[in-house]
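Following: one structure in structure tokens, then a few remarks.
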Amino acid sequence: MGIFTNKKALLLTGIIILIGGVSFGIHANSKQASAAPAQKINLYETTNLTSLDASKITDGVSSSQLSQVDEGLYRLNKNSQPVNALASKTTISKDGKTYTINLRHDGRWSDGQKVTAQDFVYSWERTLNPKTKSEFTYLFASIKNASAIMVGKKSPSTLGVKATNKYQLKINLSKPVPYFKKLLSGTTFYPISQKAVKKYGTKYGTSAKTTVYNGPFTLKGWNGTNDSWTLAKNNSYRDHKVVKLNQIRYQVIKTASTAYNLYQSHKLDMVTLAGEQNTQNKNNPELKTLSSGRVGFIQYNEKDKTAANKNLRTAISLTINRQQLATKILENGSTAAKAFGVHDMLKNPKTDKDFVDDAHTPNTMDYNITKAKALYQTAQKQLGKKQLTLNITCANDDTSQHTADYIQGQLMNHLKGLKVTISTMPFPSMLTKVSQGDFQLNLTSWGMDFADPTQALTILTSDSNSNMGHYQSKAYDTAMNTADGKDALNNTARYHDLVKAAQTAGKDQAVTPLYESRSRMLVKSSLHGVVYNKFSGAMDFRTAYVK
């Protein structure tokens, strides 16, 4: 979410992934839920579902939906800590490099087949196979031979994961990873049925009918392109008795006003508020404010000569009044970003200070028009042009468009001779365009799959498939490699490595962080037991019910 997380993550803007580390109402008991007249709810997303294939998902909506219809070894609870899902017991070697994981015996695919250890082996090898063209192969880098496999130097069968028997996995790491169980909770590490992939071929995961499920719900009514679908209770799910909802109906709604009107007319059970809606509902008892573990930012295409100019990028950053953007434009509880990350990812082991506060680098993100103008003039001289033109590519949802309009106004008002245009398009089209390198500036966001700074920082490493701006820095890569290499099990040293990496990216203006995303939303008082986790990348409806 994200795998933008996970997840994911993952490059997405304004998508209604409603998470926050809290649960609404009280949890259901069987008596209450069985007495409910209709266990059905209506929700929405602001962009279309694009895939149900764990190896190929690149956006937050798809990852969020997959987390409802499938599950992996672990889930993150409301405190962002991994708890067993399909795993029943985990043994970790003293050096932190070997994980032996016993699986439950009652996991089952919707086609009746058992979920086995081999389903995980197949899934991970398939994701790393260069032919699959998965975006998130870098998440596997700590597993033995993964890096060589993803570039075609070794066969996928050499990956350091084996099914030692039908219900046991053995994972060998090339280096210890302190957050490995959290990493394994992401949708990229979900199992995949080899039998189903063989049956459906390239169509696997491209529609509801060409996918099998092992989670609380199954998905129906999605043909691969339509803007509505339904999650139905999966009676084959290993823990189906805890699931009270029979149906969750989704539709794609791109404008906040339309969604709000549908909520008011009782056709939606949740709605994210925008602009004046927040003021109108400030005393509404159904109002909730959720931190979404997401950072909004501008990424730059460093293969474009103009966008590659560091002084221009820094001038852009210093021209944006982040506080004004958060409070006057977004008006949804979001706060000004301080670094490329969000609060509560990690604390300083010595001082307990938040990571983003330590990582904040002066003169890189502060609102300073005077310095911005000076840097802009330097950029003009370096580029040999008095008149510069920049284009911002973004999704066509309300949040993206309002943010882009604000940035356009700020830049053109304060930086003389700069023309800024905006290209808006549906999110899938934007993602395709950006992934092909067809952009100058891209307004987007990244969701953290779990609470660790690497969730954001890793995408800026040289070998990351999500490094769509092609940022390159030896100092940055070294700090990141040291953090999750030599210093992996030294909490203090690792913390300072990550701070160094974040400050390096800040000085280079690798990306321009804008805001830490929060959502103000209305939730029908009849809906209880929904768990929202700030860093999970998805809602958990397993204990939800309508009272």
Side-chain angles (χ1 to χ4, degrees), residues 4 11 293-302 307-323 325-326 334-348 351 353-376 378-379 403 407 410-411 441-448 452-462 464 466-484 494-517:
F4 209 113
L11 294 168
R294 178 171 298 279
V295 58
F297 64 99
I298 302 170
Q299 64 177 341
Y300 303 92
N301 185 354
E302 296 204 28
N309 187 282
K310 185 173 79 169
N311 287 311
L312 176 60
R313 297 198 304 268
T314 306
I316 290 170
S317 180
L318 298 180
T319 305
I320 299 170
N321 187 332
R322 290 165 175 77
Q323 187 64 30
L325 171 62
S334 294
T335 58
K338 289 188 173 183
F340 190 46
V342 298
H343 280 83
D344 301 323
M345 295 187 301
L346 197 62
K347 300 290 184 182
N348 188 319
T351 67
K353 191 175 181 180
D354 197 275
F355 175 82
V356 295
D357 294 323
D358 278 339
H360 177 72
T361 309
N363 300 317
T364 64
M365 293 177 56
D366 309 295
Y367 182 52
N368 189 331
I369 296 299
T370 301
K371 188 171 182 63
K373 288 180 177 179
L375 288 169
Y376 176 66
T378 300
T403 303
I407 292 172
Q410 288 284 99
L411 298 183
L441 278 63
N442 174 225
L443 180 61
T444 187
S445 69
W446 188 266
M448 317 301 159
D452 192 87
T454 56
Q455 277 290 281
L457 299 179
T458 299
I459 71 170
L460 296 179
T461 55
S462 299
S464 169
S466 295
N467 184 2
M468 296 184 185
H470 304 287
Y471 170 65
Q472 302 282 321
S473 167
K474 288 184 179 179
Y476 185 88
D477 289 346
T478 298
M480 290 297 293
N481 288 333
T482 304
D484 284 343
R494 179 175 183 270
Y495 180 86
H496 290 297
D497 293 333
L498 294 173
V499 168
K500 182 179 180 180
Q503 291 180 339
T504 299
K507 291 174 184 176
D508 291 344
Q509 205 61 219
V511 293
T512 295
L514 299 172
Y515 58 88
E516 288 187 35
S517 180

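Only heavy atoms go into these numbers, but all of them, side chains included; no hydrogens, no water, no symmetry mates.
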Residue set satisfying salt bridge (charged side-chain N to carboxylate O under 4.0 Å, His left out) with D508, at least two apart, ordered chain then number -> none
Is a donor from one side chain sitting under 3.5 angstrom from an acceptor on the other, for T482 and D497? no
Could you tell me which residues satisfy salt bridge (charged side-chain N to carboxylate O under 4.0 Å, His left out) with D357, sequence neighbours excluded, listed by chain and number? K338
Regarding R322 and S317, do their side chains bring together a donor and an acceptor under 3.5 Å, going by distance alone? yes
CG (N321) and CG (N368) are apart, to the nearest 0.5 Å, by 11.5 Å
Working note: T361 + Q503, criterion side chain to side chain donor-acceptor pair (under 3.5 Å); need CA distance, chi angles, decisive distance, verdict. CA-CA 6 Å; T361 309; Q503 291 180 339; 4.7 Å; no
Could you walk me through whether D484 and R494 pass the salt bridge (Lys or Arg N to Asp or Glu O under 4.0 Å) check? CA-CA 7 Å; D484 284 343; R494 179 175 183 270; 3.0 Å; yes
Just do the ring-ring contact (aromatic ring centres under 6.0 Å, His included) check on F297 and Y515 with the steps written out, would you? CA-CA 7 Å; F297 64 99; Y515 58 88; 9.4 Å; no
How about Y300 and I316: do any of their side-chain heavy atoms sit closer than 4.5 Å? yes
Could you tell me if T319 and Q410 have a donor-acceptor pair between their side chains, going purely by distance under 3.5 Å? no
Would you say the side chain of I459 lies within less than 4.5 Å of the side chain of N467, judging by non-hydrogen atoms? no
Passes side-chain contact (heavy atoms from CB on, under 4.5 Å), V295 versus M448? Steps please. CA-CA 8 Å; V295 58; M448 317 301 159; 3.6 Å; yes
Do K500 and D358 meet the salt-bridge criterion of a basic N to acidic O distance under 4.0 Å? no
Any side-chain donor-acceptor pair under 3.5 Å between Q509 and T512? yes
Donor-acceptor side-chain pairing of H360 and D366 below 3.5 angstrom: yes
